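Notes to accompany the following structure.
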Amino acid sequence: MAKQTTPDNLSAEQIAHYREHGFVHIPNIINPEEVVEFYDVIYDFAEAKRKSEEEHASVRDSEVFTQIVNFWHEDEGIKRLTLHPNVGGVAEKLAGVPLRIWHDHMLIKQPHNNAPTTYHQDQPFWPHGESPNSISAWIALCDVPVEKGCMTFIPGSHRYTDLAPQSTRDGDKLFDLCPELTWEKRVTVPLKAGDCTFHHSRCAHMATPNDTDDPRVAHIIIYMDQTTTFSGKKHIVTDPLALEAGVLLDGDMFPAVNDFPKL
Ligand code: SIN
Ligand code: NI
């Protein structure tokens, strides 16, 4: 059986790749038993929310994807994955600083959705004073070949730190804002179930459409620097918390990786 990648066996090359290019492919971040368990947890939860009549700002069902944001604190199964110490431990080693949870989201591309997630950086959407080392783990809970909606990255684009937000459904916005990125090479990363990619929050990325008969099920865990403060900008994760601009984003909703349950 293929070896799990852990904070202890993560190689210097993998860390260097992440820091140089802004993303890295990490095989077997969770083990095969966990893949089976978490596929059901995530898919069943997301489908129930998608089909529920209840209007909820954190549930978005569009042609691009079904996106369910930040429910880990309401469900023990999701919590076990979002606060997974192996994933958090590897994220911290790649980032090189202490991290805490910003939020998670389930992203399901429905069969034959016919719509890519278009090029964007994540960070410009967030209400963060500064979180220069924020990083996402994009975990494949099923095999995700190119045809099923895997991620493509623009290596080195994490060095562009002042771009305005770019829509996930408007393919040209990133390149309008930053024409030179048009000519950078792009790297597409198909993943086996249990693998993940980590990407820096400013590394530009897109995902291909799902052209298969089955859903593409991914769970994304986003970590931020432990020192991140709230900027005051609107965001569905912080709006219900009524925080004052400038406060540290800490407490129960934003647990530190070093406080995660041990394996
Ligand atoms: C996707 O999986 O469709 C997009 C993921 C992301 O934008 O981080
Ligand atoms: Ni993104």
Side-chain angles (χ1 to χ4, degrees), residues 18 21-26 29 39 42-43 46 50 58-70 81-82 87 91 94 101-128 131 134-155 157-158 160 163-171 173-175 177-178 181 186-193 195-212 214-224 235-237:
Y18 173 76
H21 301 295
F23 73 96
V24 66
H25 173 188
I26 299 293
I29 194 70
Y39 180 97
I42 296 301
Y43 185 67
R50 182 165 82 99
S58 302
V59 178
R60 183 164 143 204
D61 193 24
S62 71
E63 55 170 11
V64 176
F65 43 49
T66 303
Q67 180 186 36
I68 316 282
V69 182
N70 209 36
L81 180 53
T82 296
V87 189
L94 292 170
I101 293 288
W102 161 223
H103 69 78
D104 64 2
H105 54 155
M106 307 158 210
L107 280 180
I108 295 172
K109 277 190 182 282
Q110 301 296 340
H112 301 286
N113 76 322
N114 213 18
T117 313
T118 60
Y119 276 104
H120 64 278
Q121 298 172 306
D122 296 332
Q123 174 99 38
F125 293 109
W126 298 342
H128 291 175
S131 54
S134 44
I135 176 172
S136 293
W138 192 110
I139 304 172
L141 295 174
C142 55
D143 286 346
V144 186
V146 177
E147 296 69 29
K148 202 165 185 168
C150 76
M151 294 272 272
T152 294
F153 301 93
I154 305 183
S157 51
H158 59 306
Y160 290 82
L163 301 180
Q166 311 114 33
S167 156
T168 53
R169 58 192 64 212
D170 170 2
K173 184 73 194 278
L174 175 74
F175 303 106
L177 289 170
C178 192
L181 283 180
R186 302 167 191 194
V187 179
T188 298
V189 188
L191 295 180
K192 294 274 201 185
D195 288 7
C196 82
T197 50
F198 284 91
H199 67 269
H200 185 280
S201 59
R202 299 241 185 223
C203 183
H205 53 278
M206 63 83 72
T208 45
N210 180 3
D211 285 333
T212 74
D214 299 310
R216 183 217 70 182
V217 181
H219 189 63
I220 292 85
I221 308 168
I222 311 175
Y223 310 86
M224 59 186 169
H235 190 279
I236 50 172
V237 170

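Counting starts at 1 for both ligands and their atoms, in listed order. Numbering of residues begins at 1 and proceeds along the displayed sequence. The structure presented is a predicted model; accordingly, all values stated were derived computationally and were not measured.
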H199 N/O/S atom closer than 2.8 Å to the Ni ion (ligand 2):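 No - counting backbone and side chain alike, H199 has no N, O or S atom under 2.8 Å.
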Exercise: identify the closest heavy-atom pair between V87 and I29: CG2-CG1, 3.9 Å
Smallest separation among heavy atoms of A193 and D143, with atom names: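 Looks like N-OD1, 2.8 Å.
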Angle, NE2 of H120 through the Ni ion (ligand 2) to OD1 of D122 - 10° precision: 100°
From CA spacing to verdict: ring-ring contact (aromatic ring centres under 6.0 Å, His included), F153, H21: CA-CA 9 Å; F153 301 93; H21 301 295; over 10 Å; no
Aromatic ring pairing H103/W126, orientation class (parallel under 30°, perpendicular over 60°, tilted between):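 The rings of H103 and W126 stand perpendicular, inter-plane angle above 60°.
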H200 and Y18 aromatic ring geometry - parallel, tilted or perpendicular at 30°/60° bounds: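 Tilted: the ring planes of Y18 and H200 meet at 30° to 60°.
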Should you measure from each heavy atom of [X], which atoms of ligand 1 turn up under 4.0 Å away?
X	result
K109	3 (O)
F65	3 (O)
M151	5 (C), 8 (O)
L107	1 (C), 2 (O), 4 (C), 5 (C)

Nearest neighbour in protein (non-hydrogen) for atom 6 (C) of ligand 1: H205 NE2, 3.4 Å
For atom 3 (O) of ligand 1, closest protein heavy-atom neighbour: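 The answer is T117 OG1, 2.6 Å.
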Mode of R216 contact toward ligand 1 - side chain, backbone, both, neither (heavy atoms, under 4.0 Å):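 Within the 4.0 Å criterion, R216 contacts ligand 1 through side-chain atoms alone.
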Main-chain N/O of L107 paired with R216 side-chain donor or acceptor, under 3.5 Å: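 Indeed, once roles are kept as given, a pair shorter than 3.5 Å links the two residues.
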H205, N/O/S atom nearest the Ni ion (ligand 2):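 For H205, the N, O or S atom at the smallest distance from the Ni ion (ligand 2) is NE2.
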No-hydrogen, no-angle side-chain donor-acceptor test under 3.5 Å, T117 and K109: yes
Donor + acceptor pair across side chains of H205, S157 (<3.5 Å): no
Whether I220 lies under 4.0 Å from ligand 1, heavy atom: no
